[in-house]
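Worksheet: one structure, shown below.
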There are 2 protein chains.
Amino acid sequence: MADTGTQGGETLLFLTDEQLRKGIEAMFFAYRGFTADPDRILDKYGYGRAHHRAIHFINRQPGLTVTTLLDVLGVTKQSLNRVLRTMIEDGLVESRVGRKDKRARHLHLTEAGLALERELSEAQRARMRAAYRTAGPQAVAGFRHVLEAMMDPEIRRHYQTMKDGG
Amino acid sequence: MADTGTQGGETLLFLTDEQLRKGIEAMFFAYRGFTADPDRILDKYGYGRAHHRAIHFINRQPGLTVTTLLDVLGVTKQSLNRVLRTMIEDGLVESRVGRKDKRARHLHLTEAGLALERELSEAQRARMRAAYRTAGPQAVAGFRHVLEAMMDPEIRRHYQTMKDGG
DNA sequence: CTTGGAAAGTCAACAAGGCTGACATAAAAT
DNA sequence: ATTTTATGTCAGCCTTGTTGACTTTCCAAG
């Protein structure tokens with residue numbers, strides 16, 4: 001392997017403005033690909049990305065409260081409530097009153113919600129899987145490492161918390 | 001180094017659904033970080049992400065036509081025209097009638113436009129640079145590799161074209 | 001020279017999904 | 001008893017995406 005390591009000399013080539021610009025464009029274009037497949041599916045059902053994000057995290061952490069979800073998504077409660085309400089009305093999401101704290105609402109996906117989650121995440125994972133396969137395990141490790149370093153510290157907490165199935 | 005290579009056995013751990021899910025969340029959270037700094041700057045001037053994207057690609061390829069930009073950004077001309085018009089009125093962007101083909105409009109940043117571009121891209125590159133530095137050159141190569149594999153083929157063309165300063 | 005069609009721009013209308021502010025209710029905490 | 005927290009809701013605003021219809025300009029082919 002070529003030594004692109006960290007010791008000396010012309011070793012920081014990867015930090016040139018041009019390299020950084022390419023990284024920025026890569027993020028922009030890749031994110032488009034990342035959302036393309038789910039967007040098409042969501043469209044069929046009259047939903048949008050906001051619904052997808054909510055579904056994703058409710059599935060990830062069933063029973064989480066509205067406040068927790070708000071925190072993870074980083075939007076206002078009015079904004080979240082709009083998408084949550086439609087999904088509850090449509091029978092994709094169930095909102096259960098807390099046993100201990102009766103103010104809290106715990107969110108769960110219904111069978112229909114789980115079905116949509118699977119359809120969405122299968123499409124998204126298929127693309128991710130293809131990219132991973134093309135790039136190889138070492139690249140995947142690097143990918144994750146850079147993305148993690150790019151997050152805001154507060155957000156990184158959410159990410160890592162869910163690592164172990166918080 | 002631990003062998004995470006491609007030969008056999010438990011070697012495809014990185015393709016488990018759980019690993020793929022983590023990659024998906026990493027993209028989501030990292031993209032938030034990626035746009036956070038420019039968003040704050042844009043807000044000061046009353047612009048949005050759409051303006052940033054236009055500025056980025058006009059700077060990248062000065063003199064490009066509206067149609068080309070439309071193609072790169074993947075939005076409708078009505079949508080692009082709205083942000084372009086405000087930036088032309090505000091004196092950030094200049095639209096020059098083509099010499100050969102007088103229908104075509106060639107877009108350039110003015111001094112003011114270049115100044116905003118610098119402000120935006122410096123902020124974005126600073127974050128990128130920090131992430132790159134933390135992760136190291138090998139990780140950066142992997143990062144770029146996975147992102148590239150994640151793009152739609154048609155989009156990847158744009159990306160690679162601009163690699164050499166199209 | 002006429003005409004077909006591409007490039008660009010504009011107007012109108014609409015939708016998703018962000019935002020703020022104000023306010024209501026229930027329940028927990030002090 | 002009072003304050004704080006969690007949730008939900010109403011109203012209104014903004015950005016940025018969409019479609020559809022239409023005009024002007026002008027290159028290029030016939």
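Here is how names work: the chains are called A, B, and so on, in the same order as the sequence lines, proteins then strands, and each is numbered from 1. Scope of the values below: all heavy atoms of this structure, side chains included, with no hydrogens, waters or symmetry mates.
- Between the C1' atom of C:dT25 and the CZ atom of A:Arg103 lies a distance of 12 Å, rounded to the nearest Å.
- Between the CZ atom of B:Arg49 and the P atom of D:dG17 there is a distance of 10 Å, given to the nearest Å.
- At least one side-chain nitrogen or oxygen of A:Arg85 sits closer than 4.0 Å to the OP1 or OP2 atom of D:dT9.
- A salt bridge does not link A:Arg157 to A:Asp152: none of the charged nitrogens lies less than 4.0 Å from a carboxylate oxygen.
- Atom CG of A:Asp101 and atom P of C:dA29 are 6 Å apart (whole Å).
- The side chain of A:Lys77 has D:dG8 as its nearest neighbour among C:dA28, C:dG9, D:dG8.
- Using modelled atom types, one finds a donor on one side chain and an acceptor on the other under 3.5 Å when comparing B:Glu25 with A:His56.
- Residue contacts shown for A:His51 are limited to sugar-phosphate atoms, with no base heavy atom under 4.0 Å away.
- Straight-line distance from the CZ atom of A:Arg105 to the C1' atom of C:dA27: 10 Å, rounded to whole Å.
- Within 4.0 Å (heavy atoms only), B:Lys100 reaches sugar-phosphate atoms of the nucleic acid but no base atom.
- In this pair, B:Phe57 and A:Phe28 present their aromatic rings tilted. The plane angle is within the 30 to 60° band.
- Across the protein-nucleic acid pair, A:Gln78 atom CD and D:dT9 atom P stand 11 Å apart, rounded to whole Å.
- For D:dT16, neither phosphate oxygen OP1 nor OP2 lies less than 4.0 angstrom from any side-chain nitrogen or oxygen of B:Ser79.
- Both B:Tyr47 and A:Leu84 sit near DNA chain D, but only A:Leu84 has its closest nucleotide nearer the 5' end.
- Following rounding to the nearest Å, B:Arg82 (CZ) and C:dC14 (P) show an atom-to-atom distance of 15 Å.
- Across the protein-nucleic acid pair, B:Lys102 atom NZ and D:dT24 atom C1' stand 15 Å apart, rounded to whole Å.
- Across the protein-nucleic acid pair, B:Leu107 atom CG and C:dA7 atom P stand 15 Å apart, rounded to whole Å.
- Ion pairing between A:Asp43 and A:Arg40 fails under the 4.0 Å rule for side-chain N and carboxylate O.
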